[in-house]
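Below is one structure, written out as structure tokens; comments come after it.
Computation of the quantities below employed the complete heavy-atom set of this structure, encompassing side-chain atoms and omitting hydrogens, waters and symmetry-equivalent molecules.
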Amino acid sequence: MEGHVPRTHYSKEIRPEMDGEEVVAAGWVHERRDLGGLLFLILRDREGFVQVTLRKDRTSEKLLECVKRLSKESVVSVRGIVRSDKRAPNGCELIPKEIKVLSVAETPLPLEVSGRIRSELDTRLDVRFLDLRIPRNREIFRIRSEVLKAIRRFLDGRGFIEVNTPKIVAAATEGGTALFPISYFEREAFLSQSPQLYKQMLMATGLDRVYEIAPIFRAEEHDTTRHLNEATSADIEAAFADHEWVMRTLEALIASVYENIRENSSGSLEVLGVELPEVKPPFERITYTEALELLAERSVELEWGEDLSTAAEKTLGEIMGAHYFIVEWPTSVKPYYTMPFESREEVCKAFDLMHPRMELASGSQRIHDYEMLRASIERCGLSPESFKFYLDAFRYGMPPHAGWGLGVERLLMTMLEIENIREVILFPRDRKRLVP
RNA sequence: GCCCGGGUGGUGUAGGGGCCUAUCAUGGAGCCCUGUCGAGGCUCCGACUCGGGUUCAAAUCCCGACCCGGGCGCCA
């Protein structure tokens, strides 16, 4: 900005030891307290608050007038002298020499940024840019950033290579889930619901271990506090690995993420009032059949071969009380690429990673034999012709492989004890919301 | 998609036929106040989602639309 002095310090970097130093702080007008002869301006930036103190008898009329006219949430920069004073909030305050109004906020604000009044989520999401000025709400996204870093660090450390697969895909590649159709020049295309087919194809390349953290799109009508139509999935696929190996990778990853957040985001956790539980592998494993038995004891009756209902997930969660795996699923409820057990073909090498509140991830060892996969696709009522691009990767040397997909938003919301998944994504896309 | 619940100042709420020219908080405008830190005190400003209907009388009851919340279903 013309003639503008750049910021030299964040609020938290301004310390009492800096008494007498000139600094430039910049941010939003959080509050103004006019005591008559004394005027306090509380400036907020990403890292916290700094108090700017104006004494009527020692401040120019121009500066006083300027501050008196400032509306809440306007953006200003303040050049001033740090003064150590035990009466000030951080033990120091800023005596301004110059205040620049960089942007004036209109009044009234559509949201109470002070955090004193909790607005409804719908109101908050309509003005997300303001909502995220509330430190508590913003902290979620600092943690989200750390979670993504922790996932990458962990997988990089285990020899995984980060990849990017297309999000615009040709016709109904996987069956099942509803897809969003889009127009792709003269053809119809879809938004990808999962990188599944592509990461499997990469197993035929020699990249061996890959991961991708990317959006997935699901055109389902679900409208709940734990579903999004655009979500983030952390996916891995590993060659020469079985379902057991990728389960161990998954539980170690979850534990590592918790540990990283506990160590690197203690400040954010404190703001959110969350204390992370100990998460240590190995997680308990129960078979699908055992799960049904446990549920029957609690009068939640399910037929063998049915997927778990919401009530079943919740009841199981109460029984288990911590992260756990459900293994040995009926082959019929899992997708066509899932490897059945050799001895009992009605059961397959699939698993779900569960948090007591909900499902976080699902994965399996995959079928790597071309003929077997082709037959499985047919058995599911799908046409192998439309899967040619995928099936071809199995014809010229495909190693055994396994993998999983983990819902990043669900990981975050369960970790941070947040009720609504929309809180952990910046601009949620759900059944009702497409804007902003 | 189904079942419940709900839409009141900018925000969050109270009120469920007449007591409503509608409560409280927050906010905004203004005045007073030299150490606030959810500052305090005083004054003022600002709202019944929309459209039909019932009734002497509707924020309140009924119908419809739109919007929102919760649960379920759907969702590898």
Side-chain angles (χ1 to χ4, degrees), chain A residues 30-42 44 48-59 68-69 71-73 83 85-91 93 105-127 130-131 134 173-179 193-197 216-229 231 233 235 307-314 326 329-338 348 350-352 358-359 361-364 366 376 380 382 403-405 407 410 419-420 422 430-433:
Chain A
H30 188 67
E31 226 171 312
R32 226 180 34 210
R33 298 194 196 106
D34 189 347
L35 274 64
L38 244 187
L39 179 56
F40 297 111
L41 168 68
I42 312 298
R44 188 191 65 244
F49 304 93
V50 62
Q51 175 166 285
V52 180
T53 304
L54 297 93
R55 288 160 182 264
K56 199 188 194 174
D57 55 358
R58 299 187 202 169
T59 310
K68 277 183 182 170
R69 276 205 315 271
S71 56
K72 272 192 183 181
E73 295 304 318
R83 199 180 60 191
D85 190 319
K86 58 185 181 302
R87 292 171 298 185
N90 301 327
E93 58 196 4
E106 290 178 25
T107 61
L109 296 163
L111 195 75
E112 198 52 56
V113 178
S114 68
R116 254 167 244 164
I117 292 187
R118 284 204 158 273
S119 301
E120 286 185 12
L121 187 57
D122 193 51
T123 307
R124 293 172 45 198
L125 293 175
D126 281 339
V127 285
L130 265 180
D131 179 52
I134 299 170
T173 45
E174 297 175 40
T177 306
L179 298 162
Q193 55 164 300
S194 154
Q196 184 63 33
L197 270 43
I216 54 171
F217 304 92
R218 307 219 160 156
E220 296 298 336
E221 299 275 354
H222 40 46
D223 188 11
T224 77
T225 52
R226 57 186 186 286
H227 290 274
L228 289 168
N229 293 292
S233 179
D235 269 86
D307 207 345
L308 298 185
S309 64
T310 309
E313 278 190 9
K314 281 189 181 142
I326 303 176
W329 285 80
T331 307
S332 58
V333 310
K334 288 295 178 183
Y336 58 80
Y337 51 76
T338 310
C348 65
F351 57 87
D352 278 7
M358 68 189 79
E359 179 188 332
S362 64
S364 63
R366 327 297 194 186
S376 182
C380 289
L382 300 165
W404 43 252
R410 285 185 172 194
E419 292 302 319
N420 197 317
R422 285 159 256 245
D430 60 36
R431 186 69 190 80
K432 291 161 182 164
R433 186 173 285 276

Donor/acceptor link under 3.5 angstrom from [X] side chain onto base of [N]:
X	N	answer
A:E112	B:G38	no
A:R124	B:G69	no
A:E120	B:U11	no

Please check the phosphate of [N] (OP1 and OP2 only) for any side-chain N or O of [X] closer than 4.0 Å.
X	N	value
A:K72	B:G27	yes
A:N420	B:G69	no
A:K56	B:G35	no
A:R116	B:G12	no
A:T123	B:G12	yes
A:K86	B:G35	no
A:T224	B:G70	no

Give me the distance, rounded to whole Å, that separates [N] from [M] when you measure between the [atom1] atoms they each carry.
N	M	atom1	value
B:A65	B:C4	P	15 Å
B:U60	B:U54	P	15 Å
B:G69	B:U13	C1'	16 Å
B:U23	B:A47	P	12 Å
B:C67	B:C20	P	35 Å
B:U21	B:G46	C1'	14 Å
B:C68	B:U8	P	14 Å
B:C3	B:G16	P	29 Å

Open item on the list: Testing the basics here: between A:G36 and A:K56, what is the closest heavy-atom pair and its distance to 0.1 Å?
Closed with: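 Heavy atoms only, the tightest pair is O-CD, 3.9 Å.
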Length of the [atom1]-[atom2] vector between [X] and [N], whole Å:
X	N	atom1	atom2	value
A:D34	B:C32	CG	P	9 Å
A:R218	B:G1	CZ	P	21 Å
A:E221	B:C74	CD	P	14 Å
A:L130	B:G27	CG	P	15 Å
A:R33	B:C32	CZ	C1'	18 Å
A:R58	B:U34	CZ	P	14 Å
A:R55	B:C33	CZ	P	17 Å
A:L111	B:A25	CG	P	21 Å

Pair assignment for [N], Watson-Crick or G-U wobble, requiring both distances under 3.5 Å:
N	result
B:G30	B:C42
B:C48	none
B:U11	B:A25
B:G16	none
B:C61	B:G53
B:G69	B:C4
B:C75	none

Please determine, for the side chain of [X], which listed nucleotide ([options]) has the closest atom?
X	options	result
A:E31	B:G73, B:G70, B:A39	B:A39
A:I117	B:G12, B:U36, B:G10	B:G12
A:K314	B:G35, B:G71, B:C74	B:G71
A:H222	B:G69, B:U34, B:C74	B:C74
A:T225	B:G70, B:G35, B:G27	B:G70

Could you check whether [X] gets within reach of a base, just the sugar-phosphate, or nothing at all, counting any heavy atom under 4.0 Å?
X	result
A:D57	base
A:A88	base
A:S364	nothing
A:D85	base
A:R118	sugar-phosphate
A:S114	nothing
A:P89	base
A:E93	base
A:R83	base

Does [X] come within less than 4.0 Å of [Y], counting only side-chain N to carboxylate O?
X	Y	value
A:R410	A:E359	no
A:D126	A:R433	yes
A:D352	A:K334	yes
A:R116	A:E31	yes

Open item on the list: Need to verify one output field. Residue with the more 5' nearest nucleotide on RNA chain B, A:Q51 or A:K334?
Closed with: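 Going by which nucleotide is closer to the 5' end, it is A:Q51.
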Task: Nearest-nucleotide comparison on RNA chain B, the residue closer to the 5′ end among A:P335 and A:R431 - done: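 Closest to the 5' end, via its nearest nucleotide, is A:R431.
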TODO: Indicate yes or no for a side-chain donor-acceptor contact from A:R32 to the backbone of A:K72 under 3.5 Å, with no hydrogens or angles considered.
DONE: no
Task: B:G16 glycosidic torsion: syn (within 90° of 0) vs anti - done: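 Base orientation relative to the sugar is syn.
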Open item on the list: Is it the case that the side chains of A:S364 and A:R366 hold a donor-acceptor pair, with the cut-off being a distance below 3.5 Å and no angle test?
Closed with: yes
TODO: With side chain to side chain contact (heavy atoms under 4.5 Å, CB included) as the test, would you mind laying out the steps for A:H222 and A:N229 before giving the verdict?
DONE: CA-CA 8 Å; A:H222 40 46; A:N229 293 292; 3.7 Å; yes
Task: Flag if over 12 foreign heavy atoms under 6.0 Å of NZ, A:K68 - done: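 Yes, NZ of A:K68 has more than 12 neighbouring heavy atoms, counting only those of other groups under 6.0 Å.
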Open item on the list: For a side chain to side chain contact (heavy atoms under 4.5 Å, CB included) check, start with the C-alpha distance between A:T338 and A:T331, then their side-chain angles and the critical distance, and finish with the verdict.
Closed with: CA-CA 7 Å; A:T338 310; A:T331 307; 6.0 Å; no
